[in-house]
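Here's the structure, in structure tokens; my notes come after.
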Amino acid sequence: MIKITLPDGSVREVETGTTAAQIAADIGPGLAKAALAARIDGEVRDIMRPLDVDTQLALITSRDEEEALELARHDFAHVLAEAVQKLYPGTQITFGPSTDDGFYYDFAPSGDPFTDDDLPKIEEEMRRIIKADKPLRREVWERNDLIKLWEKDGETFKAEWAAELPEGDEISVYWSGDDWMDMCRGPHLPSTGKLDPQAFQLTRVSGAYWRGDQRNPQLSRIYGTGWLNKKQLKAHLVRLEEAAKRDHRKLGQEMDLFHFQPEAQGSVFWHSQGYVMWRELEAYMRRKQDGADYKEVKTPQIMDARQWEASGHWGKYRENMFVVPDEVPSVDDDAPVISADADMMALKPMNCPAHVLIFRQGIKSYRDLPMRMAEFGCCHRNEPHGALHGLLRVRQFTQDDAHIFCREDQIVDEVRHFCDLLDGIYKDLGFESYAIKLALRPEKRFGTEEMWDKAEQNLRDAVHEAGRAGEEYQWEELPGEGAFYSPKLEFHLTDAIGRTWQCGTIQLDYVLPERLDASYIGEDGARHRPVMLHRAILGTFERFLGIMIEHHAGRMPTWLAPTQAVVATIVTDANDYASEVTEKLKAAGIRVSPDLRNEKINYKVREHSLAKVPNILVVGMREAEEGKVALRKLGQKEQLFLTLDEAVALLQDEALAPDLKETTA
RNA sequence: GCUGCUGUAGCUCAGUGGUAGAGCGCGUCAUUGGUAAUGACGAGGCCGGGAGUUCAAUUCUCCCUAGCAGCACCA
């Protein structure tokens with residue numbers, strides 16, 4: 001007999017080998033039906049797994065949503081694999097986990113990879129397996145027996161996987177009925193019938209490398225989204241639609257903000273409406289950085305390759321650099337355009353080496369430190385074609401870059417100072433929550449182990465001292481994620497629909513000052529090596545504006561809105577007055593345009609609302625006679641009747657950038 | 001870079017082995033209308049580029065190119 005303690009504290013004595021399912025049945029038929037799995041001493045286990053020692057037991061039902069979803073998605077993945085092997089004999093199975101919204105499974109097809117056209121048939125087969133309510137049975141195998149089985153079945157990927165598990169280990173497999181089996185740690189639901197056949201959808205196919213490594217064979221991955229019931233699935237599909245509506249690429253076209261075209265793939269053509277947003281954001285950042293004692297500089301776009309060799313970029317990063325020959329191209333049709341021994345230059349992929357060159361001009365004293373050198377630096381990186389994505393991943397971009405040259409004993413203060421600056425800016429820009437991560441040394445790196453130890457510890461200390469190493473910043477350390485020359489702090493924003501974006505970063509670098517021989521004269525009269533903090537808050541203007549557009553779903557706060565107000569007439573007799581209103585708003589610094597077209601007011605309101613103009617000032621004869629305007633705010637039906645002066649004052653205040661508002665308040 | 005899908009009017013998309021169609025937008029005319037689409041008429045296309053099959057290719061095949069989704073990459 002063993003003792004089972006339930007969540008309410010009650011204890012039951014049962015036979016050794018009793019399952020959680022039997023206990024559930026004992027408690028009541030309702031629970032027996034609802035129970036999906038068991039939490040045994042804190043760990044989720046199969047409900048059919050026999051209990052053989054005294055345990056704390058809690059039964060998991062669909063009310064324990066997080067665990068239930070995880071179980072269901074994992075089971076969907078197995079059902080997917082079973083269905084695929086049934087429909088496409090000879091397909092090898094590999095690996096199929098749950099994801100944030102569903103599941104996937106990677107297959108090695110015997111012929112061509114799967115396509116979208118295969119999905120409906122597979123879904124149908126999955127539903128059949130679910131409806132058959134096949135029991136899912138756990139079985140323990142000895143490792144070598146299992147490897148032999150996989151090899152016999154031609155499952156080479158599974159065999160490889162099993163062979164890497166420790167020798168002599170017992171490995172669990174799960175049977176679906178008696179005719180299909182996969183190696184799996186579990187846990188699983190008791191049977192396929194616990195899944196809702198209407199709660200999943202196969203969404204897409206893609207290629208994926210075996211074990212995530214480009215050098216390995218490419219497998220065919222099938223993705224699905226999976227939920228506990230149809231309602232959840234539907235809600236998720238609606239969320240996807242909402243997210244698609246705020247896609248910055250779509251809004252960028254609709255709002256006439258920017259475009260891309262093949263002649264400059266991965267580089268943005270900013271239209272005037274979009275560039276207004278850029279200019280406002282840049283002006284704001286410039287005010288904030290000037291206020292924080294940064295000194296702004298501007299450095300060359302193209303530098304000699306030897307400079308990039310010295311900085312180390314030529315060796316490690318050349319494949320991503322745009323290289324330019326320093327030579328007049330040949331005009332002779334038969335000759336190569338560029339000779340083989342041309343001197344090479346490169347477009348800067350980053351600003352730091354140029355900033356070190358400025359630092360090195362003249363002799364620097366310890367009194368000059370910390371020196372905060374900022375640049376809105378335009379960089380080029382030759383990103384792989386498949387990586388490009390709207391404004392979020394581009395080949396030409398402008399960073400809000402700065403490098404802080406300082407002494408080691410100033411690092412913690414400078415990092416803390418930076419955290420405060422960043423915090424204020426994110427809040428000003430409408431992002432209330434963000435996470436902080438410390439990315440530790442990568443495999444490919446410069447510098448000594450001691451240097452990395454020191455650099456990592458400094459950043460860790462700074463965040464702790466800034467009081468930001470806590471839960472509210474989801475503080476964590478990420479091994480292997482650092483830059484090749486330094487560890488870095490990463491700042492991840494959360495947007496309006498809960499997605500996260502890494503924007504801000506600060507990196508502590510001992511390597512580059514050494515390589516490029518930067519030094520200052522200390523109090524002791526000797527030469528010393530400064531450390532260099534690389535930092536950005538927005539990251540790049542392109543990407544950050546993309547994130548802002550999605551965050552606000554195109555309805556930008558008035559200070560950033562390309563057009564802040566439209567003056568729309570109801571009848572042409574009000575045109576003169578509308579022009580007067582427009583002029584007055586313009587004189588007050590508002591970005592306003594008149595709409596005097598011979599169209600109905602309904603049409604104009606609709607059009608400017610769709611264009612996401614935050615203020616529509618409607619004027620007809622009534623307003624013209626009384627010297628008033630009817631102000632309609634975007635998204636609201638009610639309107640304000642204001643005198644012209646009141647309207648000017650209101651819009652002027654609304655159009656102030658957040659930092660300017662603070663000082664006037 | 002890898003896998004799959006896609007490329008037709010300014011935009012969103014139909015369609016066909018015999019060189020094209022809708023809605024919106026645009027232009028002209030009429031309409032002067034109080035808060036999310038007034039009506040009529042009209043102008044727009046080398047059907048992404050190249051090669052092949054065919055009497056004939058926007059349509060079928062191959063290559064290239066760009067975009068999209070994912071993978072890998074992101075100093």
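Hydrogens, waters and symmetry mates play no part in the numbers below; they use all other heavy atoms, side chains included. Chain naming here is simple, since letters A, B, ... match the order of the sequence lines and numbering starts at 1 in each.
With hydrogens and angles ignored, a donor-acceptor pair under 3.5 angstrom links the side chain of A/E623 to the base of B/G34. A donor and an acceptor atom never sit less than 3.5 Å apart when one is taken from the side chain of A/S220 and the other from the base of B/U3. Side-chain N/O atoms of A/R632 and base N/O atoms of B/A36 include a donor-acceptor pair closer than 3.5 Å. With hydrogens and angles ignored, no donor-acceptor pair closer than 3.5 Å exists between the side chain of A/R395 and the base of B/C74.
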Go along nucleotides 42-51 of chain B 5' to 3' and tag each nucleotide: B for a protein heavy atom under 4.0 Å from its base, S when only backbone or sugar atoms are that close, - otherwise.
----------

Quick tally for nucleotides 61-71 of chain B: nucleotides whose base has a protein heavy atom under 4.0 Å get B, sugar-phosphate-only ones S, the rest -, giving -----SSSSBB

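In this structure, the ring of A/F114 has its center less than 6.0 angstrom from the ring center of A/Y88. Here the two rings, on A/F446 and A/F484, have centers that are under 6.0 Å apart.
Annotation: of the two residues near RNA chain B, A/S486 and A/R622, the 5′-most nearest-nucleotide partner is A/R622. Both A/I601 and A/E383 lie near RNA chain B, and the one whose nearest nucleotide falls closer to the 5' end is A/I601.
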Under the side-chain contact (heavy atoms from CB on, under 4.5 Å) rule, what do A/T225 and A/F200 come out as? Steps first, then yes or no, please.
CA-CA 6 Å; A/T225 182; A/F200 79 97; over 6 Å; no

Apply side-chain contact (heavy atoms from CB on, under 4.5 Å) to residues A/R632 and A/N615 and explain how you reach the verdict.
CA-CA 6 Å; A/R632 181 183 167 125; A/N615 296 287; over 6 Å; no

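Distances shorter than 4.0 Å separate none of the side-chain N or O atoms of A/K637 from OP1 or OP2 on B/U35.
Looking at heavy-atom distances under 4.0 Å, A/Y104 makes no contact with the nucleic acid at all. A/T572 comes within contact range of at least one nucleobase, with a heavy-atom separation under 4.0 Å.
In RNA chain B, consecutive stretches of 3 or more Watson-Crick or G-U wobble pairs with both distances under 3.5 Å are given as paired ranges: B:1-7 with B:65-71, B:10-13 with B:21-24, B:26-30 with B:38-42, B:48-52 with B:60-64.
Residue A/N602 places its side chain closer to B/U35 than to any other of B/C74, B/U35, B/U32.
Using a 4.0 Å cut-off between a side-chain N of Lys or Arg and a carboxylate O of Asp or Glu, A/D453 and A/R441 qualify as a salt bridge.
The shortest distance between side-chain heavy atoms of A/V356 and A/M532 falls below 4.5 Å.
Heavy atoms from other residues, nucleotides or ligands lying under 6.0 Å from CG of A/D517 number more than 12.
Taking the six-membered ring where tryptophan is involved, the planes of A/F103 and A/F76 are essentially parallel, since the angle between them stays under 30° and well short of 60°.
Using a 3.5 Å distance cut-off with no hydrogens or angles, the side chains of A/N351 and A/Q399 do pair a donor with an acceptor.
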